[in-house]
Amino acid sequence: MQIALITGAASGLGWELARAYHAKGYGLLLNDMNADCLAERVATLGKEHVYGVSGDITDADVQRKLIRTCEEHFGRLDVLINNAGITHRSPTMRTDPAVFRKVMAVDYHAPAELTLKALPLLQLTQGQIIAIGSMAGWMPVLGRAGYCAAKSALAQFFEVLRAEVRQDGISMLMVYPSFLDTPIERNALGADGHAAQHKRSTIGKVRGADWMAEQILKAHEKGVERLFPDRGSWLASLLWRIAPSFYYRKMSERFAGEMG
């Protein structure tokens, strides 16, 4: 039996990924900050070959506990899915720097650190690393300075790591979704670190988490290295590179409501 470790697995995309990989016969090790919800998810899937470790993924002790649990209960790890994430919706100049630090800790430092701890297990199985990035890491989005920075850092880290672990037989899938209908947006931080009160602006079609999970699983099975599931956002990223002034003008029009 192959084993998948999924962070941020109690809701949204993480939960849909857990359901998808469980349906494919994978054993699961799931992590989430919400202990009660995580326990319910484990019970829903059936406790045989499904384990949950609750806790803040930015905590090094939680990361070590995940790896130790994987070793003790499964003795192997085939797929590491770095899914846990957080975002903010707030003008850069009015945002508490603590918000930027928190977003960077969850979206960049935690997946990088957990992956390094998991590499010995992944080397044994010549496993797969999946990192959930964002199109915001490819192009600027108003009101998301910290999120764009964190996802850019994530992409660069894992693209470098991809080349370095290839010699060990470890493969990597970078996923670059656009706007999804998941709790990460409903729980976005505001400028003061509390929940954002204003409605989010979007570019392109808002996709469901179940649709996204299906695309990721298919890409994994096909050995795809980079997944750009939303063509509209991918084209917008090209526009940013080809005609940045025009891109800024259009983005400013679309996101004007968030800058007030």
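- Of the inter-residue distances, the one linking Ser152 atom OG with Phe157 atom CZ reads 15.0 Å to the nearest 0.5 angstrom.
- In the displayed structure, Met172 atom CE is contacted under 6.0 Å by more than 12 heavy atoms of other residues, nucleotides or ligands.
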Candidate pair Ile57 and Leu66, rule side-chain contact (heavy atoms from CB on, under 4.5 Å), full reasoning: CA-CA 9 Å; Ile57 196 59; Leu66 279 166; 3.6 Å; yes
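- Here the CH2 atom belonging to Trp15 is positioned 8.5 Å from the SG atom belonging to Cys37, to the nearest 0.5 angstrom.
- The main-chain N or O of Leu45 is found under 3.5 Å from a side-chain atom of His22 such that the two form a donor-acceptor pair.
- Of the possible polar contacts, one joining the Asp107 side chain to the Ile86 backbone as a donor-acceptor pair under 3.5 Å is found.
- For Glu221 and Lys218, the salt-bridge test fails: no basic side-chain N is under 4.0 Å from an acidic carboxylate O.
- The distance from atom CD of Glu16 to atom CH2 of Trp211, rounded to the nearest 0.5 Å, is 13.5 Å.
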Residues Leu114, Ile67; criterion side-chain contact (heavy atoms from CB on, under 4.5 Å); working and verdict: CA-CA 8 Å; Leu114 177 61; Ile67 301 304; 4.2 Å; yes
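- Salt-bridge annotation for Arg64 and Glu113: absent, with no side-chain N of the basic residue lying under 4.0 Å from a carboxylate O of the acidic one.
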Evaluation steps, side-chain contact (heavy atoms from CB on, under 4.5 Å), between Lys102 and Leu189: CA-CA 10 Å; Lys102 184 172 184 178; Leu189 301 178; 4.0 Å; yes
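- Within the 4.5 Å cutoff, the side chain of Leu122 has no heavy atoms near those of the Pro120 side chain.
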Verdict with supporting geometry, Glu214 and Arg19, salt bridge (charged side-chain N to carboxylate O under 4.0 Å, His left out): CA-CA 10 Å; Glu214 182 182 354; Arg19 292 178 61 205; over 6 Å; no
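- Within the structure, no pair that satisfies the side chain to side chain donor-acceptor pair (under 3.5 Å) test touches residues 34-44, not counting sequence neighbours.
- Separation of atoms CD1 (Ile3) and OH (Tyr51) is listed at 9.5 Å; rounding is to 0.5 Å.
- With hydrogens and angles disregarded, a donor-acceptor distance shorter than 3.5 Å links the side chain of Asn83 to the backbone of Thr7.
- Side-chain contact check for Ile129 versus Ile81: every heavy-atom pair is 4.5 Å or farther apart.
- Once rounded to the nearest 0.5 Å, the distance linking CG of Asn31 with CG of Leu38 reads 7.0 Å.
- Atoms CD and CE, from Gln156 and Met174 in turn, are 9.5 Å apart once rounded to the nearest 0.5 Å.
- In terms of heavy-atom proximity, Leu13 sits nearest to Ala213 at CD1-N, 3.7 Å.
- Neither Phe100 nor Leu154 shares a network with the other; the hydrophobic side chains, linked directly or stepwise wherever heavy atoms of I, L, V, M, F, W or Y lie under 4.5 Å apart, form separate groups for each.
- A side-chain donor-acceptor contact under 3.5 Å links Thr125 to the backbone of Leu77.
- Although no hydrogens or angles enter the test, the distance criterion places no donor-acceptor pair under 3.5 Å between the side chain of Asp168 and the main chain of Ile170.
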Worked verdict on Leu227 versus Tyr176 for side-chain contact (heavy atoms from CB on, under 4.5 Å): CA-CA 6 Å; Leu227 175 61; Tyr176 296 103; over 6 Å; no
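- Across every non-hydrogen atom of Tyr248 and Trp240, the tightest pair is CE1-CZ3, 3.4 Å.
- Between Ala10 and Asp32, the shortest heavy-atom distance links the atoms N-OD2, 3.1 Å.
- The two residues Leu30 and Ala18 come nearest to each other via the heavy atoms CD2-CB, 4.0 Å.
- Residues Tyr26 and His49 place their aromatic rings such that the two centres sit no closer than 6.0 Å.
- A side-chain N or O of Asn82 and one of Thr115 form a donor-acceptor pair less than 3.5 Å apart.
- Heavy-atom contacts from other residues, nucleotides or ligands closer than 6.0 Å to CE of Met93 number 12 or fewer.
- Counting only residues at least two apart or in different chains, salt bridge (charged side-chain N to carboxylate O under 4.0 Å, His left out) contacts with residues 65-77 comprise Arg76-Asp78.
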